[in-house]
Amino acid sequence: MNEAKPEVPEVPEVPEVTESGKQTLAYGSWPSPITAESLVADAAICTNLWHQNGRTWWTESRPMQAGRIALVCDGTDVWSEVSVRSRVHSYGGGAWWVDGQDGVYACDDTDGRLWHVSASGQARPVSPEPAFSHGLRYADGRGYSFGTICVRENHQAASHNGGEEVNEIVRFRAEPEGFTADAEVIASGADFYAWPRLSPDGQHLAWVQWNHPNMPWDHTELWVDDQRVISAVGSVVEPQWGPDGSLYVVSDHLGWWNLYRVSGAGLEPVLEMDAEIHRPAWVFDDPSYAVCDDNTVVAVAMRGSLAQLWVVWPDGSEPAMLDLPWTSYISVRSASDHTVCAIAASPTQEPTAVRINVADGSHEVVASPGRSPVDVRYLSMPQPISFPTTDNTEAFGLHYPPTNPTAQGPVDEQPPLLVLSHGGPTGAARSQLQLGIQYWTSRGIGVVDVNYRGSTGYGTAYRELLWGKWGVSDVDDCVAAALHLVRSEVADAERLLIKGSSAGGYATLCALAFHKVFAAGASRYGIADLKALAVDTHKFEARYTDRLVGPWPDAADLYEARSPICNLDNFSAPMIVLQGADDPVVPPNQAEMIVAALKQRGIPVAYLLFEGEQHGFRKAEHIVAALEAELAFFAEILGFNPADNITPPDIHR
């Protein structure tokens, strides 16, 4: 009688432990406390900030509340359950502003209507009820004793304007019983308006306007009281009045967005340097400088990805750079004499609302992100890099090497590298703590955030290098960044990944369609069809591609040649595609055409469609699902086992 031999259990491989106490584990499989859930759990990220009459107001993005933007006054949620958001230009921004007394004007994202909200939370409507949801949209206003002046985007008038919504500057007057039934139109006729600002004496209104095919970073005009004041070649933006009646603007007519004072002789320099005192106006009302009550001017200057805070003293003494612990600033506003409030961040600190006394450099935290800080030992510090690229040009980026206090990779291997391509494409990589990047580096995957040609922070000439070259130069720079780090022996040539959203998703699709460098890619609502973008997108970007690619339809051949959807036979690398079902900028059909083509060709592909999401994911469960799906997908393709207990997406092979 034969006896069955007992099974010998498989002995798991014991990871090597080095003298430093670190385990040697496969890259990508390192255990990390930075989970996808930690990106959204208890998160309350400040998005805008004002100081008014001793009170501090701000808004918080709350993923756990379905992406709600909450209005907060001195730490109290004052407009319960309402999400404050504008959809002007589709990207919004400037959705609320102080009234100059004890309340604010704010847009309810339910239908786009404008309301006045007091510090106690009492709300009354300002604008009329729209004929349909978001038929009338408001942004970028200021409050005055008589009421408010702001930008309005009228979608109800589109049928009378060749199908395109009407943008204008309007005024609402406050009455004892409420507000005027409808807005008074102050300025109209241009395609776009921004920054309407009334002088301290109430006698002069300044604003910026521009027309197709320009974007606000291309060519704009400064107007005051129905008179065009500046119409030079270039971008003039961010008008602000000082307490003494001086009018300040930012202009790039000398090759950098610098700060000037408007005078009868033209523009007088206030702060000139090889740095950018402005960020591209994708959203409204993100001020890069403030004029304090004592005429002290405080400005954010961007050099590459690094932001510095500079002070211009009212006595005319030499401008000074403040020694502060942050490398990124947004929403810089006056709080009193020589004091500003801002949302500041650094490579070890998420965006935090702060108040800064520029006279002595002292500062205090007004509102923190809300969640527990991350152990800094798990944080990878961004390392600025430059590298050669095509056309004998230099490009830039931030490299984040894998970092983990408990694990290291095999000594005979280099780590995988994830190339990030930012959106816009007119935008920039940020030198601040982004847990979405640390999620990868703490697991043993390096990241490079590329400031390709066309990015901000390197002057007008660098930004304009993408004109006529979109889908070529930006993609070449992503490829060049990856290969540069391979040559530097900090990345594995066989395990290069690429990921991007929107225009960054387009760069990802182009990289996989036209280059054979990457092992896999992830596209979030990436642009697949340039023709569709040119003929069927929202008004703000309706002519954006005229400069980036060429005038439509004259350059139709270029649009086809650079559209991934028209070059499906070139795809060979696996891909995960993530898309919002309600995206007005990049409709789901673009993603679905790419997915269908990859399936037909037998290339591994995963597709996640998120209901209720638009151009960007706001809901906590979708943010978590998207990030975990990307990790699981890349793990399947590269052959490592994540330490996380996550469910891989369905991969069609």
Side-chain angles (χ1 to χ4, degrees), residues 45-50 58-61 67-71 83-97 104-107 109 112 114 134 137-142 150-153 165 167 169 191-197 207-210 214-218 220 235 237-240 250 257 276-290 300 302 307 328-333 342-343 345 351 353 422-430 432 455-457 463 501-504 525 537-542 544 580 583-586 614-618:
I45 305 298
C46 293
T47 58
N48 207 342
L49 182 69
W50 292 78
W58 65 87
T59 40
E60 294 178 351
S61 175
R68 175 182 173 231
I69 307 296
L71 179 64
S83 184
V84 176
R85 185 183 171 202
S86 170
R87 300 194 186 188
V88 181
H89 293 177
S90 292
Y91 296 109
W96 65 283
W97 52 92
V104 299
Y105 294 93
C107 300
D109 189 40
L114 183 65
H134 299 282
R137 306 178 182 186
Y138 306 91
D140 198 16
R142 291 294 184 271
C150 62
V151 173
R152 179 174 73 179
E153 187 172 83
E165 55 267 28
N167 292 65
I169 298 174
D191 289 326
F192 302 100
Y193 293 89
W195 297 286
R197 305 290 184 260
W207 70 82
V208 170
Q209 65 183 53
W210 66 97
N214 295 303
M215 301 298 285
W217 45 84
D218 294 334
T220 60
S235 168
V237 291
E238 288 198 58
Q240 287 193 48
V250 174
W257 270 315
E276 305 276 35
I277 306 176
H278 180 67
R279 283 171 297 278
W282 283 102
V283 297
F284 284 96
D285 198 18
D286 175 18
S288 299
Y289 72 98
V300 180
M302 288 288 300
S328 176
Y329 302 86
I330 63 171
S331 193
V332 179
R333 304 188 193 276
I343 298 173
H422 64 70
T426 308
R430 299 167 292 168
Q432 67 181 59
S455 300
T456 305
R463 192 170 70 245
S501 305
S502 190
Y525 38 93
T537 192
H538 58 135
K539 179 182 178 181
F540 183 60
E541 294 182 88
Y544 190 21
D583 192 337
V585 180
V586 181
Q614 300 179 42
H615 200 63
F617 305 149
R618 299 174 182 272

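- R197 has a carboxylate O that lies under 4.0 Å from a charged side-chain N of D140, or vice versa, which qualifies the two as a salt bridge.
- Between A95 and S86, the shortest heavy-atom distance links the atoms CB-N, 3.3 Å.
- Between W210 and V208 the shortest heavy-atom distance is CE3-CG1, 4.2 Å.
- The closest donor-acceptor contact from the side chain of S235 to the backbone of T220 lies at 3.5 Å or more, if one exists at all.
- Partners of Y329 under the ring-ring contact (aromatic ring centres under 6.0 Å, His included) rule, at least two apart in sequence or in another chain, do not exist in this structure.
- No hydrogens or angles considered: a donor-acceptor pair under 3.5 Å links the side chains of N48 and S331.
- For the residue pair S455/H422, the side-chain donor-acceptor check at 3.5 Å is satisfied.
- Across W97 and G141, no two heavy atoms sit closer than the pair CG-O, 3.1 Å.
- Atom CZ of R152 sits about 11.0 Å away from atom CG of L114, to the nearest 0.5 Å.
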side-chain contact (heavy atoms from CB on, under 4.5 Å) evaluation trace for H615 with Y91: CA-CA 8 Å; H615 200 63; Y91 296 109; 3.8 Å; yes

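- Using a 30° and 60° split on the angle between ring planes, F192 and F540 fall in the perpendicular class, above 60°.
- Put simply, SG on C150 and CG on D285 are 11.5 Å apart, with the number rounded to the nearest 0.5 Å.
- For T426, the side chain to side chain donor-acceptor pair (under 3.5 Å) partners at least two apart in sequence or on another chain are W217, Y544.
- Taking CZ of R333 as the reference point, atom CH2 of W50 lies at 4.0 Å (rounded to 0.5 Å).
- Here the closest heavy-atom approach between residue T47 and residue T59 is recorded as OG1-OG1, 2.8 Å.
- A donor-acceptor contact shorter than 3.5 Å links the side chain of H538 to the backbone of H89.
- Under the 4.5 Å side-chain criterion, counting only non-hydrogen atoms from C-beta, W207 is not in contact with P239.
- The main-chain N or O of Y289 is found under 3.5 Å from a side-chain atom of Q240 such that the two form a donor-acceptor pair.
- With hydrogens and angles disregarded, a donor-acceptor distance shorter than 3.5 Å links the side chain of E238 to the backbone of S288.
- A donor-acceptor pair is defined here as one N or O able to donate and one able to accept, closer than 3.5 Å; no such pair exists between the side chain of R137 and the backbone of E153.
- Residues meeting the salt bridge (Lys or Arg N to Asp or Glu O under 4.0 Å) test with D218, sequence neighbours left out: R547.
- Note that the CH2 atom of W282 and the CD atom of E541 stand 4.0 Å from one another [nearest 0.5 Å].
- D109 and R68 are not joined by a salt bridge, as no carboxylate oxygen comes within less than 4.0 angstrom of a charged side-chain nitrogen.
- The two residues G112 and C107 have their closest heavy-atom pair at O-CB, 4.4 Å.
- Taking all atoms of both residues into account, the shortest heavy-atom contact from A345 to Q432 is CB-CB, 3.7 Å.
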Could you check M302 against T456 for side-chain contact (heavy atoms from CB on, under 4.5 Å), going step by step and ending with a plain yes or no? CA-CA 9 Å; M302 288 288 300; T456 305; over 6 Å; no

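- Of the inter-residue distances, the one linking R618 atom CZ with I69 atom CD1 reads 6.0 Å to the nearest 0.5 angstrom.
- Among L49, I45, V332, the one residue that satisfies the side chain to side chain contact (heavy atoms under 4.5 Å, CB included) test with I343 is L49.
- In this structure, E60 contributes its side chain and A70 its backbone to no donor-acceptor pair below 3.5 Å.
- With contacts defined as side-chain heavy-atom distances shorter than 4.5 Å, the pair V88/E165 does not qualify.
- We find the CZ-CH2 distance between F284 and W195 to be 8.0 Å, quoted to the nearest 0.5 Å.
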